[in-house]
Amino acid sequence: MTTLDVRSIPPVERHPTIHAAFDELAPGETLTIVNDHEPKPLFYEFQAEVDAFDADGYTVEQADTQKFVAEFPKRGD
């Protein structure tokens, strides 16, 4: 599993960085991102644009007020 903490990345660079990391995953792997807010817009973006994204396997947990941990699984097929 790959973990990417994007809290220190400028907001304009976050989505491209996350997409690039997701693209590097092998089928069946999961990208875990740590963010300072709930990544719901990113979830919808992935759901609409990334065929390999397994939206049913997506999870997000709020660890504290400035830390959200989300899992973006890649389809295994």
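FYI, side chains are in, hydrogens and waters are out, and symmetry mates aren't considered; it's all heavy atoms of this structure.
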Legend entry - Lys40, NZ: over 12 other non-hydrogen atoms inside 6.0 angstrom: yes

Inset, instruction - Say whether, by atom type as modelled, one donor and one acceptor occur between the side chain of Arg75 and the main chain of Asp51 under 3.5 angstrom. - result: yes

Legend entry - Distance-only side-chain donor-acceptor flag, Gln66 / His37, under 3.5 Å: no

Legend entry - Note, Ile18 side chain near Leu4 side chain (heavy atom, < 4.5 Å): yes

Inset, instruction - Calculate, to the nearest 0.5 Å, the distance between atoms CZ and CD belonging to Phe68 and Gln62 respectively. - result: 3.5 Å

Legend entry - Shortest non-hydrogen contact from Gly76 toward Pro27: O-CB, 3.9 Å

Legend entry - Exercise: identify the closest heavy-atom pair between Glu13 and Thr17: O-OG1, 2.7 Å

Inset, instruction - Would you please indicate if the ring centroids of Tyr58 and Phe46 are separated by under 6.0 Å? - result: no

Inset, instruction - Treat each ILVMFWY residue as a node, draw an edge where side-chain heavy atoms are under 4.5 Å apart, and state whether Val34 and Val60 are in one component. - result: no

Legend entry - Residue pair His19 / Val50, side-chain heavy-atom distance below 4.5 Å: yes

Legend entry - Pairing of Asp36 and Arg14 as salt bridge, 4.0 angstrom limit: yes

Inset, instruction - Examine Lys74 relative to Phe53 and say whether NZ or CZ is less than 6.0 Å from the centre of the six-membered ring and inside a 45° cone about the ring axis. - result: no

Inset, instruction - Evaluate the criterion side chain to side chain contact (heavy atoms under 4.5 Å, CB included) for residue pair Val69 and Thr32; output intermediate values, then yes/no. - result: CA-CA 7 Å; Val69 180; Thr32 300; 3.6 Å; yes

Legend entry - Sub-4.5 Å side-chain heavy-atom contact between Glu71 and Glu61: no

Legend entry - Spacing of Leu31 atom CG and Thr3 atom OG1 [to the nearest 0.5 Å]: 7.5 Å

Inset, instruction - Start with the C-alpha distance between Leu42 and Phe72, add both sets of side-chain angles, then the distance that settles side chain to side chain contact (heavy atoms under 4.5 Å, CB included), and finish with yes or no. - result: CA-CA 10 Å; Leu42 182 64; Phe72 287 78; 3.7 Å; yes

Legend entry - Check: Met1 and Glu29 side chains under 4.5 Å, non-hydrogen atoms: no

Legend entry - Glu24 side chain vs Ala21 backbone, donor-acceptor pair below 3.5 Å: no

Inset, instruction - Answer with yes or no whether the hydrophobic clustering places Phe43 together with Ile9; edges join I, L, V, M, F, W, Y residues whose side-chain heavy atoms lie under 4.5 Å apart. - result: yes

